[in-house]
Peer 1: 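The structure under discussion is supplied below as structure tokens; questions concerning it will follow.
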Amino acid sequence: MPERIDTPIQARAVIEADGAAVVGGIHTEEQALDFASKVLGDKLVRLGRQFEASMRNHEREAAVVDAQPVDGRGRKRSFGKPGERMTAHNDGFAFGDYAPDYLFLWCKRPAVSGGDSFLIDAWKLSELLAADPATADLAEFCRSVDIDHSEPNFPQGTYSPIVRTVASGRVQARYHPYLVPVPGSTRPEDAAMIERWSDTVLHVRDNGPMFRAAAGDMICLDNYRLLHGRDGYTDPARELYSIWGWTTDAVAVPAKQLDIVVPDLAALAG
């Protein structure tokens, strides 16, 4: 469960230690952006609202994604349904190295019921796997074997392990439902290892705690280290905003606003 804090300085310290913090009393998008910018401080490079997480917006975007074809490896994109528990993920996974290193989830209005949030410290999870002889091989795979992190039909052109330490010294541990071995892999065990990682994340998601974000709460995350998601909901008035932040610690910073519906990977570097 994330610690509640009051100031950007407190948030920065708690995020560095635990990966996440929650602040209340944020009543406008301008306040959310101002608080987020102060959390990131002198390291801030780029910050902005990425998307509105609401039922009306989901319906528009999901219709476009549903029309996208199955890719050559049999994968099909889906934004899921609001009434279903969300897949654990790091935001921006479609963009590979250009994914934001920080994430701020501002709750303007919670659902009357449902929609509770969950967080998974994927880095700590990998450490626990490494400490257990029964799963140490999975941790080693996650740390040492390059895989394909792309979404269906949007190849990134680069490959890397699930868990890594980036050039800035920050740790990164990733999951989303489209992970596959690198194209042309001659390692038949890689697909099974990815499936084990997926099963592990799913188990933690479904057996760990959830918490409710109230109106005006903002969840502040290390998007490299933590996975997140929410439980299903049916209230059409629920409204939450995803704010993405890049700092000087980020592997790469995009040249323009990103599009999660139809990712333009060729334009990332400008």
Side-chain angles (χ1 to χ4, degrees), residues 19 65 68-80 86-101 103 119-132 134-205 221-229 249-252 254 258 260 263-266 268-269:
V65 171
Q68 294 169 352
V70 175
D71 76 355
R73 307 184 75 176
R75 301 179 301 167
K76 176 72 177 74
R77 291 184 88 207
S78 172
F79 276 6
M86 184 179 284
T87 299
H89 63 286
N90 319 82
D91 259 20
F93 57 81
F95 303 101
D97 288 346
Y98 287 87
D101 54 324
L103 171 65
L119 302 174
I120 299 173
D121 190 332
W123 173 258
K124 283 191 176 179
L125 179 58
S126 72
E127 295 283 281
L128 291 172
L129 294 174
D132 185 342
T135 54
D137 61 331
L138 176 57
E140 180 60 24
F141 170 82
C142 289
R143 294 169 174 174
S144 62
V145 178
D146 287 349
I147 68 164
D148 185 350
H149 293 266
S150 69
E151 282 201 88
N153 292 307
F154 297 98
Q156 295 170 3
T158 60
Y159 311 107
S160 55
I162 290 170
V163 178
R164 63 179 179 174
T165 300
V166 302
S168 65
R170 293 265 300 281
V171 296
Q172 187 176 36
R174 294 171 286 180
Y175 176 75
H176 64 77
Y178 310 113
L179 301 177
V180 286
V182 298
S185 171
T186 58
R187 294 168 47 93
E189 67 272 22
D190 287 1
M193 284 294 193
I194 292 171
E195 185 175 1
R196 283 178 64 190
W197 174 242
S198 179
D199 289 345
T200 300
V201 170
L202 180 64
H203 175 81
V204 173
R205 183 199 70 172
L221 303 174
D222 179 341
N223 190 53
Y224 276 4
R225 174 176 162 183
L226 264 65
L227 312 175
H228 71 281
D249 290 343
V251 177
L258 301 178
I260 65 170
D264 184 1
L265 303 183
L268 287 173

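Basis for what follows: all heavy atoms, side chains included, without hydrogens, waters or symmetry-related copies.
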Peer 1: Evaluate I162 against F141 for side chain to side chain contact (heavy atoms under 4.5 Å, CB included), listing each step before the verdict.
Peer 2: CA-CA 8 Å; I162 290 170; F141 170 82; 4.2 Å; yes
Peer 1: Salt bridge between R77 and D71, side-chain N to carboxylate O under 4.0 Å?
Peer 2: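 Salt bridge absent between R77 and D71.
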Peer 1: With a 4.0 Å cut-off on N to O distance, would you call R187 and D190 a salt bridge?
Peer 2: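 Result for this pair is yes, salt bridge flagged.
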Peer 1: Is the closest side-chain heavy-atom distance between E140 and V145 below 4.5 Å?
Peer 2: no
Peer 1: Take Q172 and D101, measure what side chain to side chain contact (heavy atoms under 4.5 Å, CB included) needs, and give me the verdict at the end.
Peer 2: CA-CA 9 Å; Q172 187 176 36; D101 54 324; over 6 Å; no
Peer 1: Pick from V204, L227, V163: which one makes a side chain to side chain contact (heavy atoms under 4.5 Å, CB included) with L125?
Peer 2: V204
Peer 1: Less than 4.5 Å apart, side chain to side chain, heavy atoms only: is that true for V251 and R164?
Peer 2: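 A side-chain contact under 4.5 Å exists here.
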Peer 1: Determine the sole option in T135, L129, L128 for which the side chain to side chain contact (heavy atoms under 4.5 Å, CB included) test with T200 is passed.
Peer 2: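 For T200, the side chain to side chain contact (heavy atoms under 4.5 Å, CB included) test succeeds with only one of T135, L129, L128, which is L129.
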Peer 1: Could you check whether any side-chain heavy atom of V171 comes within less than 4.5 Å of a side-chain heavy atom of Y224, counting everything from C-beta outward?
Peer 2: no
Peer 1: Any ion pair linking R205 and D199 (charged N to carboxylate O, less than 4.0 Å)?
Peer 2: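 A salt bridge is absent here (no side-chain N lies under 4.0 Å from a carboxylate O).
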Peer 1: Please find the pair of heavy atoms, one from P161 and one from C142, that lie closest to each other, and give the distance.
Peer 2: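 Smallest heavy-atom distance, with atoms named: CB-O, 3.3 Å.
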Peer 1: Evaluate side chain to side chain contact (heavy atoms under 4.5 Å, CB included) for H149 paired with Y159, printing each intermediate quantity in order.
Peer 2: CA-CA 7 Å; H149 293 266; Y159 311 107; over 6 Å; no
Peer 1: I need the full list of side chain to side chain donor-acceptor pair (under 3.5 Å) pairs touching residues 175-185, with sequence neighbours left out, sorted by first then second residue.
Peer 2: Y175-S198
Peer 1: Can you see which heavy atom on P188 is nearest to which on T186, and at what distance?
Peer 2: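 Scanning both residues completely, I find the closest heavy atoms to be CD-O, 3.2 Å.
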Peer 1: Going by heavy atoms in the side chains, are N90 and L226 under 4.5 Å from each other?
Peer 2: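 SC-SC contact between N90 and L226 ruled out.
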Peer 1: How long is the straight-line distance from CG of L221 back to CG of L103, given to the nearest 0.5 Å?
Peer 2: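 So the CG of L103 and the CG of L221 are separated by 5.0 Å.
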Peer 1: Would you call E127 and R143 a salt bridge, using N to O less than 4.0 angstrom?
Peer 2: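 Result for this pair is yes, salt bridge flagged.
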Peer 1: Quick one, W197 and L179 - any side-chain contact, counting heavy atoms below 4.5 Å?
Peer 2: yes
Peer 1: If you define the side chain from C-beta out and look only at heavy atoms, does anything of P181 sit under 4.5 Å from M193?
Peer 2: no
Peer 1: Any donor and acceptor pair, going by atom type alone, linking the side chain of S168 with main-chain N or O of D249 inside 3.5 Å?
Peer 2: yes
Peer 1: So do the side chains of L258 and P263 get within less than 4.5 Å of each other, counting heavy atoms only?
Peer 2: no
Peer 1: Please determine whether side chain to side chain contact (heavy atoms under 4.5 Å, CB included) holds for the pair K124 and R225, giving the CA-CA distance in whole Å, both sets of side-chain angles, and the decisive distance to 0.1 Å.
Peer 2: CA-CA 9 Å; K124 283 191 176 179; R225 174 176 162 183; 3.4 Å; yes
Peer 1: Within the 3.5 Å criterion, strictly below it, is a donor on D91 or H228 matched to an acceptor on the partner's side chain?
Peer 2: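 Present: a donor and an acceptor within the cut-off.
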Peer 1: How many angstroms lie between CG in D264 and CZ in F154, if you round to the nearest 0.5 Å?
Peer 2: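 Answer for the CG-CZ pair, D264 versus F154, is 9.0 Å.
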Peer 1: Under a 3.5 Å distance rule, please check whether H203 uses its side chain to pair with a backbone N or O of V201 as donor and acceptor.
Peer 2: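 The answer is no, because no donor-acceptor pair under 3.5 Å joins these two groups.
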Peer 1: Taking C-beta and beyond as the side chain, do Q156 and L265 meet within less than 4.5 Å on heavy atoms?
Peer 2: yes
